[in-house]
Structure formats: C-alpha cells, structure tokens
> 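Dumping the structure here so I can ask a few things about it.
Given the structure is predicted, the values throughout are model-derived calculations rather than measurements. We use all heavy atoms of the structure for the numbers below, so side chains are in, but hydrogens, waters and symmetry mates are not.
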Amino acid sequence: MDLFTEIEDTERDEIRTLRKELEEANYKYYVLNQPTLSDREFDVKMRRLQDLEKAYPDMADASSPTQHVGSDLGGNNKFASITHRYPMLSLANSYSQDEIQEWLHKLPANVEIVCELKYDGLSISLWYENGLLTHAVTRGDGVRGDDVLNNIRTIATIPTHLDAAIFGGNVPSFLELRGEVLLPWANFERLNQEREAQEEPLFANPRNAASGTLKLQDPNEVARRGLACYLYYMLGENLPGKTHYERLQSAQQWGFPISDAIRVCHSIDEVMDYIHYWDTERKNLPVATDGIVLKVNDLSTQQSLGYTAKTPRWAIAYKFPAEKQHTRLRAITYQVGRTGVVTPVANLDPVQLSGTTVQRATLHNEDFIRQLGIVEGDEVWVEKGGEIIPKITGICPLPAGDLPAVFIGTSSEPHRNLIGTSQLHCNGAEHAYSFPTTCPECGARLVRMEDEAAWRCPNELGCPPQIKGKMEHFVSRKAMNIDGLGTETIDLLYAQGLLHSIADIYDLKKEDIAKQERLGDKSADNILAGIEASKQVPWARVLFALGIRMVGETTAKKIARRFTSVETLQWATKEELTAIEDVGDQIAENIIQYFLDIRNLEIVNRLRSAGLQMEADEQAQPVSNKLAGQSIVISGTFAQHSRDEYKAMIEINGGKNVGSVSKKTSFILAGENMGPEKLKKAETLGIQLMSEEEFLTLLND
C-alpha cells in the first residue's frame, strides 16, 4: 500500500468516526441535556468533517451531521410532534472576529446588518392562528418539533392571544414568532440549590436547565421554575415592514418580548463596536448569552442570498470566547453529602475569573477526573461555565518540545489523551489517579451501583456528614421548618454529643442549648418553640423530612395520598409503590430498604412518640368526589379563605389544582383582582368563572 492510499484510508475512517462522535454529541446535547463537548470543540469537529466530505465526495451521506441540524426529538414521546411550516435551521458559528469581517465583505454593498444578542437557551416557534396561540414547537430536527404549548403558556411575557384593536381589526390568519426560551440566572441558581439539597444532579448551565424544564409534563412545576423568553424573528404572509428590524419593532408594539439590545449597523466598524460592547456588558444581564447574531436587515436581500442545507446565508453567529485561566491543582479533596455521595473537589491556587477569585471547582465524579486525566500538582485550565460555575476543562499544555505525540481535539491548546489511568503530566512525571476506596469521613468501604457514576458511603447512620446532612434536611423550611437549627447550630450540638439522629432533636433541653457558645436563653426558647410547632407539620411533609433517598417534596405528597400513615407505607410492596405517579423502581426500592433497617424503624418510633404526625389528618383526606376529574385554576384574592386553603379544599374533594388556563380547565375559582391574562384566556376558551360563594355552596351541597 502506497503512502497516499494509506492517508486516504485513514481520512475515510476519520469521516466515519467524526460522524459517530457528532451524532452522539447532538443526542446528548439536545435530548439528554448532558453536553459532552463544548460548542467550540463541536464546531471544530464539524468543520473538519465538512472539509473531509468535500475531499471525498464519494462518501456523501444525506444522514451526515453536516446535512441536518441537531434534534431534540426522542427525549420525550408524550408531546405531540408537529411539522414546521417553515424549516427551522441553525446558524453558522464563528469564533473569530476576522471571520465575521470576511463574511461582511462578501455581502452586497451598503447592506444594513441587524445585530442581536445570542441568548443561550433553546429555540421555540410560536404559532398564532386567527389571533390565538395554538402551538409552541421546539426546533426538533428542523423539520418536526415537539409541541410544548402548555409549558410555554406559563411564561407570562408571551401573549396567549392577540388584541384585534392593535391590528385595526385585521388580525393575521397565521403568524409565527421564533425565539429563545431561557432560565434567568437567579432562577437557575435557585433551582440548582434545591437540587443540591436533594443531592440530585446539578444542571450544567441555564440552557440545559431551560431545556429540561420545557420538556416536563407538569406545567405547575414549569411555572414554579420561572422560564423567560425573547423573540427574534417573524414569519407569515402579508406582514408589515420590508426589513427584519421593522418587523421586530412591530412585534414589540403588539406585546411580544423583543430585546431592547437590537441595533441596526451600517458599517463593519459599527458591528465590531457592538460586539466589543456586549462582550463585557453581557455579564450584567439577568440571562445567559454566548455571542452575537448578525442578520441582513433587508428581507428581499435575505431571500436572494438563500440557504445552505443547514443554515441561512444571510445570518451568522459570533460566539464569545470563554474566559479561562490556568492555575495549579493543589489538592483533590472529597465531600460526603446527605445521601452518602462522595464528590471530589479541586482545590486550586487562587485565580481571577470574571471579576471573582476562584479557589475551588467541582470534579463531579471519578469518571470525570479520568476523562480529563488530571492529578494533584497539574496546571489546569479553569473556565467559568455560564459565567458563574467554575469548571476545569483540561490540563495546560506542556512546554514546547515536551508535548506527547497523541492528542485529542484540534484546538490550539490541546488536551492530552488519557490512556488507561496513567498520564504524563506538566512536571513530566507519570502518575496514576485512583479514587478512594473508603469514606474520608467514617472509613466505611465505598460502594458504586452499576447504573450510577458516583461512589457512595453506605454508612448513612454512622457517617458524620450524612447524619448532620439528614438533620439539616429534616429542619429545613419545606420539611419540618424548625427555626434556629441551622447548619452551624447542628454542627455545634452534634460536636457536644447532644444530637446523633433526627429523633434526638425532640429530646433537647433548654439548659443544654442555652449553655452552648453563641446561643443562650433566648435562642434556646426560639429553637424549642420551633421544635414544638413542628409537631403539627402534616404527614406528607414528615415523610419528605425523613430524607429517604430520591423522595422529594412532590413525590412525598403523592405517596402520602396513597399511603396515609407510616404503618401502611412500611408494609407497602414494590408493585403498590410503583403504581404511584412518578415513583419508579429505584424510588420504590429505596423506600422498602429504608423500612427494612431496624435503626430507621427505631427513629420513626421515637418521632411518633414525640408527637409527630405519622398519619394523615382525617380532615385532609378525600371527603368527597364532587370535584373528581376536574382541573381547577385559582386566580385572584379571596375574603373567606386563603388560596392555600382553597387548594386543600379542591384536593380533598377529588379535584386537581393547575396553574395555567387551557382547554382542559374545568373552571376558574375567581376572586377579586383576577389576573387579566387568565381572564382573557378564559373568555376566549369559554371557561366557566366560579365565585368564592358559588364554590363554597358547591362543596357544602
């Protein structure tokens, strides 16, 4: 075989390999919301594949990733699949300002460019038919997408119907608005804090969190998480304006959420000024952005420029470079969480990133460390994922001439390929990384389930961080809500031997608390008052407070409705448990194992003896089926009962509380100052409004 034939065979193999890698990356990004490649790494591989396919046209394949956009279909088949009226393509990406200038020079002379922020969310297509929002379709594969209408309706800034008066009575028969669904930074941080408290996997960035949220089946949970949206393109027939910018201005006047950061630029200098300004200023925005989108303003010019198989020729995206620094990994330490998960943490020499000092970064799990191939003492690259979360992205390059022969990726700062568990590192020495086999806190031998990435300490009732973590969870606001028993106080009382389990909380004495450092009589009285008040917390929250692995707040409520006491739950079978909505095999197994442990049974008995509600209040049980099968929305303020009390009445009479109005809404319990959007939607859909008096009469009858 001659040299040229050998090169050809190698490059043809590379085509096959790249196609497989990119398809897998697309699936993990769009469907699983678990990206394995950075945007830049993905684009480098994509460009390499494009170049190779041009060099070997005989290997053309319509199913190649170069010929279609990534697809979010397949992650959830419970949503209806809708064919897009107009194909929903992606944008070509550039990471170089020189490339942006080259693209601008290729356009017709004197063309106007509209510059917009590139929001880091997921694309959505909103369909308005005769003024009503009828579909909200994800990008999908660009041809078909999932209709997530009920979830989109939870975003308050998106109109559910168009006011005919704005259009002079002539509402377009069909109007499509495209945009980006986002999770604001504040909501993203809150959501991850909640997940961390439950030791659930954290979302890597707001984009993943928004994508996962939009595919939930429960609109109430979607509403609680607080999505946002910005729209950036309008489609349809007989629409006003001859330019893209004019149409966006019209959409803003009609009540659609359009960004105020959009600008029309008339020269390359103006475009560059816009890019430079927002590269810094975007850090002050409440939502994530990762670049700038440039579009030809004139719509007829857009049409004449046309499209490639995947992207429009009249638009391009410039991606901001991620801010990163290199620093030394001083040590890897290990934290043990409430459920025993052992998380490795990178302790770094302090380094400045985005205006803050970074000294620690999570290393997630053993697999993550092995994939990066890092050990203590390495010089590593640190980035701020999504401008907030520090993350290690690889090992820094060795000095020139010292680089190993094998690399992964094609970036200018290559990461060395990890072969087995041994790696040549920055100091030129060969090391091997090994995850600890015993718990760093209690010495118990760690275990790892086949379907999990994490190592776990099984000594949940004897490992100090797990014991204290269970107490912190037990006293938290959504559980037993015991004021005064925060992390520091629990640490103190545990160190003094006053707390060994959650049951010990109810044996605390005033004199024992008051004599502790930083406490005293007043603190002791507040703590004891909170402990006494917690005895009235209902059974569903007590179940949540027990801290059974994977039994979250919502799941606990559903279980408590089916099993109305701890005794009935204790003897539940796996089949009975998995029959409950959202309770799968693993949750059922966790519940069964919890009650098989004699130590847990002793704790439960002590809590019952202390006076906790280990069974549902009879008044909270279903007292009738008057509202069975009915979905009810509550809106406004009420005179005779609170909204929470009315929600409880609905549930104990067999009804279901829902947060948004839809065709499936049975009626709206309407108080004073009812939300105008809900009122308009109810009128449009013909949904009944029931007053407070009518509702109470219905139940009393």
Side-chain angles (χ1 to χ4, degrees), residues 29-35 72 75-76 78-79 119-124 126 133 136-139 145-160 179-231 257 285-290 385-389 473 476-479 544 550-558 581-582 631 633-635 643-644 647 656-662 675 677-678 681:
Y29 181 87
Y30 287 104
V31 177
L32 300 183
N33 298 312
Q34 298 171 357
D72 59 26
N76 193 324
K78 295 182 180 179
F79 293 101
Y119 293 104
D120 195 13
L122 65 154
S123 300
I124 197 72
L126 307 178
L133 177 60
V137 190
T138 65
R139 182 193 301 278
D146 288 333
D147 190 356
V148 292
L149 178 61
N150 287 336
N151 289 342
I152 285 294
R153 282 172 169 162
T154 67
I155 303 176
T157 57
I158 294 179
T160 56
E180 204 83 355
V181 176
L182 310 151
L183 190 69
W185 282 120
N187 297 349
F188 169 70
E189 292 180 65
R190 171 178 56 81
L191 180 59
N192 261 354
Q193 287 171 359
E194 293 172 358
R195 295 175 71 86
E196 184 175 27
Q198 295 301 317
E199 295 201 358
E200 298 175 355
L202 301 187
F203 287 114
N205 52 53
R207 189 267 168 202
N208 289 357
S211 180
T213 298
L214 201 58
K215 290 300 184 75
L216 292 175
Q217 292 295 309
D218 183 2
N220 290 321
E221 175 62 15
V222 177
R224 188 189 71 80
R225 293 188 181 184
L227 294 173
C229 182
Y230 284 106
L231 302 174
L285 293 172
V287 295
T289 59
D290 60 353
E387 302 299 334
I388 283 189
I389 304 173
H473 170 75
S476 63
R477 183 176 60 83
K478 292 185 177 181
F544 170 58
M550 297 176 70
V551 177
E553 181 188 9
T554 301
T555 304
K557 288 180 180 178
K558 294 177 180 179
E581 182 184 9
D582 293 340
S631 297
V633 173
I634 298 178
S635 182
R643 290 166 65 98
D644 286 340
K647 287 182 178 180
K656 180 181 179 181
N657 289 291
V658 294
S660 58
V661 182
S662 70
E677 283 297 321
K678 285 188 171 68
K681 194 162 188 178

> For Leu183 and Ala209, work out which heavy atoms get closest and say how close.
CD2-CB, 3.6 Å

> Of all heavy-atom pairs between Tyr230 and Val287, which one has the smallest distance, and what is that distance?
CE1-CG2, 4.2 Å

> Tell me, do Asn192 and Glu189 make a side-chain contact under 4.5 Å, heavy atoms counted?
no

> When you compare the side chain of Leu149 with that of Arg153, does any pair of heavy atoms fall below 4.5 Å?
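SC-SC contact between Arg153 and Leu149 confirmed.
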
> Any sub-3.5 Å donor-acceptor pair from Ser476's side-chain atoms to His473's backbone N or O?
yes

> Search all heavy atoms of Thr154 against all heavy atoms of Asn150 and return the closest pair with its distance.
CG2-O, 3.7 Å

> Is there a donor-acceptor pair under 3.5 Å between the side chain of Thr138 and the backbone N or O of Gly145?
no

> Does some side-chain heavy atom of Ile124 sit less than 4.5 Å from a side-chain heavy atom of Val148?
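Contact flag for Val148/Ile124 side chains = yes.
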
> Between atom NZ of Lys215 and atom CG of Asn151, what is the distance when rounded to the nearest 0.5 Å?
10.0 Å

> Could you work out, with side-chain contact (heavy atoms from CB on, under 4.5 Å) as the rule, every residue matching Asn657, not counting sequence neighbours?
Ile634, Lys647, Ile650, Glu651

> Using 0.5 Å steps for rounding, measure from the NZ atom of Lys678 to the OG1 atom of Thr160.
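The distance works out to 10.5 Å.
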
> State the CG-CG distance between Leu214 and Asp146, to the nearest 0.5 angstrom.
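So the CG of Leu214 and the CG of Asp146 are separated by 9.5 Å.
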
> Could you tell me if the side chain of Lys557 sits less than 4.5 Å from the side chain of Thr554, heavy atoms only?
no

> Going by heavy atoms in the side chains, are Leu122 and Arg207 under 4.5 Å from each other?
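In contact.
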
> Taking C-beta and beyond as the side chain, do Thr289 and Asp120 meet within less than 4.5 Å on heavy atoms?
no

> With sequence neighbours excluded, what pairs up with Lys558 under the side chain to side chain donor-acceptor pair (under 3.5 Å) test?
Asp582

> Could you tell me the separation between the SG atom of Cys229 and the CD1 atom of Ile155, rounded to the nearest 0.5 Å?
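Between atom SG of Cys229 and atom CD1 of Ile155 there are 5.5 Å.
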
> I want to check something: taking the side chain as every heavy atom from C-beta on, are Glu180 and Ser123 in contact at a cut-off of under 4.5 Å?
yes

> Working to the nearest 0.5 angstrom, can you tell me the gap between Thr213 OG1 and Arg225 CZ?
4.0 Å

> Minimum heavy-atom separation for Trp185 and Pro206, please, with both atom names.
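The answer is CZ3-CG, 3.3 Å.
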
> Just how far is it from atom CG of Leu133 to atom CD1 of Ile152, taken to the nearest 0.5 Å?
8.5 Å

> Within the side chain of Asp147, is there an N or O that forms a donor-acceptor pair under 3.5 Å with the backbone of Ala136?
yes

